[in-house]
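Worksheet: one structure, shown below.
If you're wondering where the values come from, they're calculated on a predicted model, not measured in any experiment. Numbers restart at 1 for each chain; the letters A, B, ... are given by sequence-line order, proteins then strands.
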There are 2 protein chains.
Amino acid sequence: MDSNIKNKYELQAQIMKALAHPARLLIVKELCNREMFVCELQKLIGDDISTVSKHLSILKQAGIIDDRKEGLRIYYRLKLKCIPMLLSCSENILIEKTREEIEILQSLSKP
Amino acid sequence: MDSNIKNKYELQAQIMKALAHPARLLIVKELCNREMFVCELQKLIGDDISTVSKHLSILKQAGIIDDRKEGLRIYYRLKLKCIPMLLSCSENILIEKTREEIEILQSLSKP
DNA sequence: TGTATATTTTACCAATTTGCCAAATATGTT
DNA sequence: AACATATTTGGCAAATTGGTAAAATATACA
């Protein structure tokens, strides 16, 4: 594979990797509605706060989220409008997959 | 985190994980244009054919691609229409990130 | 039947990612 | 300054993922 093209896909894979974790998906999903600060997200997710902070830094460095300081708190928010659409596409894939699995199960129980 | 919700994000993360690899992104990108069989993809990517086959099985099991047999060959193709859009969103993130990095570099070289 | 081609599976090791704790940093309050 | 709250960083063991070679399967054809 040509090395420039390879590099491009490497960078794009980095973005997908950032989204490839349940806690990080939940974070992004919540940030579709409103900006939130770290403690809020920590309560939602339930992991150690240092773990949540690390998830946030992965998402930030991937260019998916952004932050702003307000007093002691750091608010995180989505960076681009297309991100909810990206999530909903991956949800579609999940829904379709589930639909097919159910179909297979049903066909097995038929005469 | 509630265990049903957790499970949902776990499954969705699995889909993102499938896309979180440069070779697999390239495969999906190519399949946006037309269906292809394993040897064709192997030439494009350059990895060992067993590696390519593994990538394909990861994408298939994630519900992103589908296959059909024709003689000795197995043709792979995208499963859902929204996938090109998902890719273009992650490209947007990459482009915006790159744009900002360039901006920072330029501001450093100014008076 | 045997042979050639296309693809997948298995087994293995190296590299990466996770998640927690403890320590460090940053900001606001007294 | 001392203290409290919010967040990040560094270090480490456990779990997961990535890539290859070799073996196994599947299909077509002589």
Roughly how many Å is it from [atom1] in [X] to [atom2] in [N], rounded to a whole number?
{"X": "B/H55", "N": "D/dT17", "atom1": "NE2", "atom2": "C1'", "answer": "11 Å"}
{"X": "B/L25", "N": "D/dG18", "atom1": "CG", "atom2": "P", "answer": "12 Å"}
{"X": "A/Y75", "N": "C/dA26", "atom1": "OH", "atom2": "C1'", "answer": "16 Å"}
{"X": "A/F37", "N": "C/dA26", "atom1": "CZ", "atom2": "C1'", "answer": "16 Å"}
{"X": "B/I58", "N": "C/dT9", "atom1": "CD1", "atom2": "P", "answer": "12 Å"}
{"X": "A/R68", "N": "C/dA26", "atom1": "CZ", "atom2": "C1'", "answer": "17 Å"}
{"X": "B/L41", "N": "C/dA6", "atom1": "CG", "atom2": "P", "answer": "14 Å"}
{"X": "A/D47", "N": "C/dT17", "atom1": "CG", "atom2": "P", "answer": "18 Å"}

Q. Do the non-hydrogen side-chain atoms of A/Y76 and A/D66 ever get within less than 4.5 Å of each other?
A. no

Q.
Just so I know, are the side chains of B/V52 and B/D48 near enough to count as touching, which here means a heavy-atom distance under 4.5 Å?
A.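 Of all side-chain heavy-atom pairs linking B/D48 with B/V52, none is under 4.5 Å.
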
Q: Heavy atoms only: give me the nearest A/I15-A/A62 pair and the separation to one decimal.
A: CG1-O, 3.6 Å

Q. Looking only at heavy atoms, which two atoms of B/L41 and B/M36 are closest? And how far apart?
A.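 Shortest heavy-atom separation between B/L41 and B/M36 comes out as CD2-SD, 3.8 Å.
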
Does the distance from a Lys or Arg side-chain N to an Asp or Glu carboxylate O, for [X] and [Y], drop under 4.0 Å?
{"X": "A/E101", "Y": "A/R99", "answer": "no"}
{"X": "B/R68", "Y": "B/E35", "answer": "yes"}
{"X": "A/K79", "Y": "B/E100", "answer": "yes"}
{"X": "A/D67", "Y": "A/K60", "answer": "yes"}

Q. Base, backbone or nothing for each nucleotide of nucleotides 25-30 of chain D, written B, S, -, heavy atoms under 4.0 angstrom, 5' to 3'?
A. -BBS--

Q: Sugar-phosphate atoms are those with a prime plus P, OP1 and OP2; base atoms are the rest. Using that split, label each nucleotide of nucleotides 8-16 of chain D B, S or - for protein heavy atoms under 4.0 Å, 5' to 3'.
A: BBBB-----

Enumerate donor-acceptor pairs with a distance under 3.5 Å from any side-chain N or O in residues 22-32 of chain B to protein atoms, sequence neighbours excluded.
unit_1, atom_1, unit_2, atom_2, d
B/R24, NE, B/A18, O, 2.6
B/R24, NH1, B/H55, ND1, 3.1
B/R24, NH2, B/K17, O, 3.2
B/K29, NZ, B/E91, OE2, 3.0

Q) Given C/dC20, D/dT7, D/dG18, which nucleotide is nearest the side-chain atoms of B/H21? A) D/dG18

